[in-house]
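Just below is one structure, and these are the notes that go with it.
Note that the structure is a prediction, hence the values are computed from the model and not measured.
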Amino acid sequence: MGLLTRELEKNVPCTVEVSHKFESLHAHVRFDDGSVVNPGDEVQVHGGEIMAPFGEIVIEQRKATIVRASWLERQWTRLTGDLEVMELCEFSFSEEVNL
């Protein structure tokens, strides 16, 4: 990993779990070889769309490509990450919501 250059890791084995239950609606990717994704990294899971019928969990083995962020991208993501998450939050301390 360089200051401005990215690294590419191809064909990383992974397990994809998609849950479509009343208690839990989620999609998780676990890397079977122990790879870790850091701030700024990008992951692309290969293969078709996974659709879990309501009430079920679907687990599939896939391959993924990880694009490692450069040192500069990683630092920028760490510095601005908290600010971007706060954009998703809406706080209200009144009984009525005014937009």
Side-chain angles (χ1 to χ4, degrees):
M1 174 178 60
L3 181 64
L4 298 173
T5 57
R6 296 174 147 208
E7 290 183 14
L8 189 67
E9 292 183 33
K10 290 187 174 185
N11 296 323
V12 178
C14 64
T15 302
V16 180
E17 176 183 304
V18 178
S19 172
H20 190 188
K21 291 185 162 191
F22 178 77
E23 303 84 22
S24 177
L25 179 64
H26 68 260
H28 295 287
V29 175
R30 285 186 302 276
F31 297 106
D32 299 335
D33 67 349
S35 294
V36 176
V37 177
N38 298 305
D41 292 348
E42 298 174 11
V43 177
Q44 180 181 8
V45 178
H46 303 288
E49 184 177 293
I50 300 174
M51 295 295 294
F54 184 75
E56 294 186 21
I57 297 175
V58 176
I59 300 174
E60 291 189 10
Q61 302 298 115
R62 297 280 181 101
K63 297 285 185 185
T65 298
I66 303 173
V67 179
R68 300 287 181 188
S70 66
W71 180 87
L72 188 60
E73 289 173 316
R74 189 173 318 286
Q75 298 309 316
W76 179 253
T77 302
R78 285 185 178 141
L79 287 172
T80 62
D82 292 337
L83 299 174
E84 291 179 11
V85 169
M86 293 305 291
E87 289 179 8
L88 300 174
C89 298
E90 177 182 331
F91 299 98
S92 178
F93 298 100
S94 64
E95 293 180 12
E96 296 180 15
V97 177
N98 294 323
L99 299 175

A69 backbone acceptor or donor facing R74 side chain under 3.5 Å
yes
Measure the [atom1]-[atom2] distance between [X] and [Y] for me, rounded to the nearest 0.5 Å.
X	Y	atom1	atom2	answer
T65	K10	OG1	NZ	6.5 Å
D33	E9	CG	CD	7.5 Å
E73	T5	CD	OG1	9.5 Å

Residues forming a side chain to side chain donor-acceptor pair (under 3.5 Å) with H28, sequence neighbours excluded
none
Going by side chain to side chain donor-acceptor pair (under 3.5 Å), name the residues that satisfy it together with N38, two or more places apart in sequence or in a different chain.
none
Heavy-atom closest pair (S35 atom, R68 atom, distance to 0.1 Å) is CB-NH2, 4.2 Å
Kindly give the heavy-atom pair with the smallest separation between Q61 and T15, and that separation in Å.
OE1-OG1, 3.1 Å
In the hydrophobic clustering that connects Ile, Leu, Val, Met, Phe, Trp and Tyr at side-chain heavy-atom distances below 4.5 Å, which members other than [X] occupy its cluster, ordered by chain and number?
X	value
F22	F54
V29	V12, V16, V18, F31, V37, V43, V45, I50, V58, I66
L8	V67

In the structure I gave you, are the side-chain heavy atoms of [X] and [Y] within less than 4.5 Å of one another anywhere?
X	Y	answer
K63	C14	no
I57	S19	yes
H26	E17	yes

Quick one: list whatever passes salt bridge (charged side-chain N to carboxylate O under 4.0 Å, His left out) with R62, sequence neighbours left out.
E60
